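A quick write-up on the structure given underneath.
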Amino acid sequence: MRGTGKLATSVQGYEPKNRIFAQNFSTAYKMSIKKRTKIREVLISSKFGSEFTLKGWVKTRRGSKKIAFIALNDGSTINNIQIVADITDFPEDLLRQVTTGACISVTGTLTPSMGSGQDVEIKATKIELYGPADPGSYPLQKKGHSLEFLREIAHLRPRTNTFGAILRLRHAMSYAIHKYFNDNGFYYLHTPIITGSDAEGAGEMFRVTTLDMMNPPKNGEGQIDYREDFFGRETNLTVSGQLEGELGALALSDIYTFGPTFRAENSNTPRHLAEFWMIEPEMAFYDINDNMDLAEDFLKYLVVYALENYFEDLQFLNNMYDKDLLSRLNSVINSDFVRITYTEAIDILNTSGVKFEFPTNWGSDLQSEHERYLVEKHFKKAVIITGYPKKIKPFYMKQNEDGKTVRAMDVLFPRIGEIVGGSQREENMQKLESRITELNLPRKDLWWYLDTRRFGSAPHAGFGLGFERMMLFITGMGNIRDVIPFPRTPNNAEF
RNA sequence: UCCUCCUUAGCUCAGUUGGUUAGAGCAUCUGACUGUUAAUCAGAGGGUCCUAGGUUCAAGUCCUAGAGGGGGAGCCA
């Protein structure tokens with residue numbers, strides 16, 4: 001039977017069980033934990049007359065003396081199911097506690113709805129109250145809450161329509177990211193959260209220590225002696241997995257990281273978090289053009305995935321928050337990203353006739369106003385800018401032959417600004433070392449990074465995608481604090 | 001961190017050149033209603049006007065400081 005590919009159920013000889021299991025895993029496996037039906041399933045069911053048990057949280061209850069209508073939601077979909085309860089069938093005390101926010105279990109039969117708001121509904125035969133929610137103090141109502149107010153009750157906001165949609169989309173994008181890379185031969189590399197080097201140069205870092213803050217050990221010069229600390233050296237939370245990502249790419253060819261990233265910058269904007277998630281693919285044998293191709297393909301894939309699989313949630317956000325969301329998503333997948341060099345961008349800005357607050361001479365970094373002009377006014381679509389002056393970019397970027405620019409790339413999106421930053425990396429040992437010396441970076445902390453150029457160096461490239469920036473684009477939300485369940489910003493780590 | 005705006009009922013907000021007892025919608029509670037769709041109708045309760053000073057006969061309203069929040073900028077993803 002071996003090698004036939006058929007399930008060996010009646011083999012005379014010995015067939016290892018795990019082999020059978022492995023062969024048929026994907027089709028044979030069915031989750032066995034199923035105590036109730038998800039509302040998402042029931043809403044598309046046509047098994048009228050069948051009994052279902054549903055569990056969820058009450059959105060609204062309305063009705064008259066004889067009949068009660070309960071809108072129930074379990075988070076499996078943006079849509080509620082309507083529960084119809086004949087009041088005479090249930091104790092008065094029970095129904096009185098079925099209020100907005102309460103958690104209940106309902107058993108009943110599926111029937112076509114007599115009302116006009118939905119196709120199906122559940123005629124309840126049994127209602128069990130899991131957790132009441134006192135109407136006088138439960139902060140969520142069925143009407144109008146501002147996003148600012150919901151941020152103050154971040155522990156309850158997942159129960160709102162808006163955050164249900166956002167959190168489902170956040171899951172969808174996470175899954176699509178893994179799927180895209182997996183399907184294209186990339187390996188998921190876990191780079192460290194705690195890092196001993198601050199050579200990334202990406203801003204202020206959060207210190208990680210077990211030293212007694214009231215009485216830290218001191219060295220001869222009166223400085224804190226980190227040799228006594230847990231790791232025997234200064235350690236911080238990572239600001240990027242890129243350098244370690246390169247180590248993986250120079251062995252596995254194509255890798256990506258997807259994990260939390262920490263920046264201790266005092267940034268108070270709708271686009272910054274102190275703790276955010278970042279995706280960093282790193283590819284051996286990619287040059288800057290391959291890198292751009294991948295970034296564009298990847299971003300379009302994510303948008304397509306959301307549209308194909310979570311359209312109802314997108315539609316809700318489109319209707320409630322951002323009337324242009326769906327058309328903007330469609331325009332991104334149906335047009336090529338514009339690709340220009342930094343020098344061309346400067347020319348466009350200088351001949352635009354627009355008065356900018358910040359200078360647009362060659363060598364200055366592009367400011368928000370410049371990026372917004374290029375994306376929203378001049379091209380009116382996503383733009384990738386390459387060939388930045390080397391003095392405004394980090395040490396690891398590959399230097400061009402002109403001696404002035406590096407093979408950096410920034411992907412700029414409408415409304416969001418920079419959504420991706422990346423580059424081809426400098427694989428030449430001497431050039432890399434000379435940049436480290438020029439910038440006065442701690443060479444001794446980078447010995448392992450330099451070893452990759454010493455032994456079997458290869459051309460390679462990669463980029464970083466801010467996950468929450470992508471979520472802003474996908475959801476149409478305006479504030480990054482509303483696309484992560486529990487935002488971490490200066491002066492805010494409540495939940 | 002800088003600039004700017006905001007803070008009035010549980011929520012969203014109105015409140016006139018400073019002037020009697022601070023209002024509305026929704027929510028909550030009570031009642032009405034045979035199928036509602038953010039149900040509807042009637043009634044009721046609900047306020048440290050962000051905090052602390054100050055100006056004034058009189059401050060929700062003007063001034064100063066502080067706290068919290070929004071938007072813009074910088075830093076960046």
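Note on naming: letters A, B, ... go to the chains in the order of the sequence lines (proteins, then strands), and numbering restarts at 1 for each one. Being a predicted model, the structure only gives us computed values, none of them experimental.
- To the nearest 0.5 angstrom, A:R61 atom CZ is 12.5 Å from A:F69 atom CZ.
- Of the candidates B:C76, B:A73, B:G35, the closest approach to any side-chain atom of A:V84 belongs to B:G35.
- Separating the P atom of B:U4 from that of B:C11 is a span of 29 Å, rounded to the nearest Å.
- Nucleotide B:G68 forms a Watson-Crick or G-U wobble pair with B:C6, both donor-acceptor distances falling under 3.5 Å.
- Under 3.5 Å, the side chain of A:H272 and the base of B:C76 form at least one donor-acceptor pair of N or O atoms.
- If you take CZ of A:R263 and P of B:G74, they are 16 Å apart, rounded to a whole angstrom.
- Using a 4.0 Å heavy-atom distance criterion, A:R96 is classed as making no nucleic acid contact.
- As the counterpart of B:G60, no nucleotide is assigned, since no Watson-Crick or G-U wobble pattern has both distances under 3.5 Å.
- If you check every strand for non-hydrogen atoms under 4.0 Å, A:M278 touches sugar and phosphate atoms only.
- Here the two rings, on A:Y396 and A:Y449, have centers that are 6.0 Å apart or farther.
- Of the candidate nucleotides B:G69, B:A32, B:U1, B:U1 has the atom lying nearest to any side-chain atom of A:N266.
- Aromatic pair A:F181/A:Y301: ring centres not closer than 6.0 Å.
- The pairing partner recorded for B:G46 is none, the criterion being a Watson-Crick or G-U wobble arrangement whose two distances lie under 3.5 angstrom.
- For A:N318 (side chain) and A:L326 (main-chain N/O), a donor-acceptor pair under 3.5 Å exists by modelled atom type.
- Contacts of A:Q141 with the nucleic acid, taken as non-hydrogen atoms under 4.0 Å apart, include base atoms.
- Considering only the side chain of A:S146, B:U12 comes nearest among B:G35, B:U12, B:C29.
- Comparing B:C75, B:G70, B:U36 by their closest approach to the side chain of A:S113 singles out B:U36.
- Using a 4.0 Å heavy-atom criterion, one finds that A:N479 contacts the sugar-phosphate atoms exclusively.
- Residue contacts for A:L273: at a heavy-atom cut-off of 4.0 Å it reaches a base atom on one of the strands shown.
- Each of A:E426, A:R425, A:E246 was checked for a side chain to side chain donor-acceptor pair (under 3.5 Å) with A:H460, and the lone residue meeting it is A:E246.
- For A:D134 and B:A27, the CG to P distance is 16 Å, given to the nearest whole Å.
- Base pairing of B:C33 is not made with any nucleotide, judged by Watson-Crick or G-U wobble geometry with both donor-acceptor distances under 3.5 Å.
- Between A:K55 and A:E128 there is no salt bridge, since no side-chain nitrogen of the basic residue lies less than 4.0 Å from a carboxylate oxygen of the acidic one.
- In this structure, A:N184 and A:F298 have side chains that are not in contact, with every pair of non-hydrogen atoms separated by 4.5 Å or more.
- Straight-line distance from the CD atom of A:E148 to the P atom of B:G71: 7 Å, rounded to whole Å.
- Among the atoms of the strands shown, base atoms are found under 4.0 Å from some heavy atom of A:T269.
- With hydrogens and angles ignored, no donor-acceptor pair under 3.5 angstrom links the side chain of A:E265 to the base of B:U1.
- Within 4.0 Å of A:S116, counting heavy atoms only, lies at least one base atom of the nucleic acid.
- Annotation: proximity of residues 361-374 of chain A to RNA chain B (heavy atom, distance under 4.0 Å) is found for A:Q367, A:S368, A:R372, numbered in ascending order.
- A salt bridge links A:R435 with A:E438: the distance from a Lys NZ or Arg NE/NH1/NH2 to an Asp or Glu carboxylate oxygen falls below 4.0 Å.
- Mapping A:R61 and A:K66 onto RNA chain B via the closest heavy atom, the residue that lands nearer the 5' end is A:K66.
- For A:E121 against B:G35, a side-chain-to-base donor-acceptor contact under 3.5 Å is present.
- When side chains are defined from C-beta on, A:L465 counts as touching A:I419, because their heavy atoms get closer than 4.5 Å.
- Here the nucleotide nearest the side chain of A:K65, chosen from B:A73, B:G69, B:C33, is B:C33.
- The residue A:F149 sits close only to the backbone: its heavy atoms come under 4.0 Å of sugar-phosphate atoms, none of a base.
- Base pairing annotation: B:A73 forms a Watson-Crick or G-U wobble pair with B:U1, both donor-acceptor distances under 3.5 Å.
- In this structure, A:P139 and A:G117 both approach RNA chain B, and ranking their closest nucleotides by distance from the 5' end singles out A:P139.
- Side chain A:S267 to base B:C76: no donor-acceptor pair is found below 3.5 Å.
- Of the candidates B:C29, B:U36, B:G74, B:G74 carries the atom nearest the A:F358 side chain, counting heavy atoms from C-beta on.
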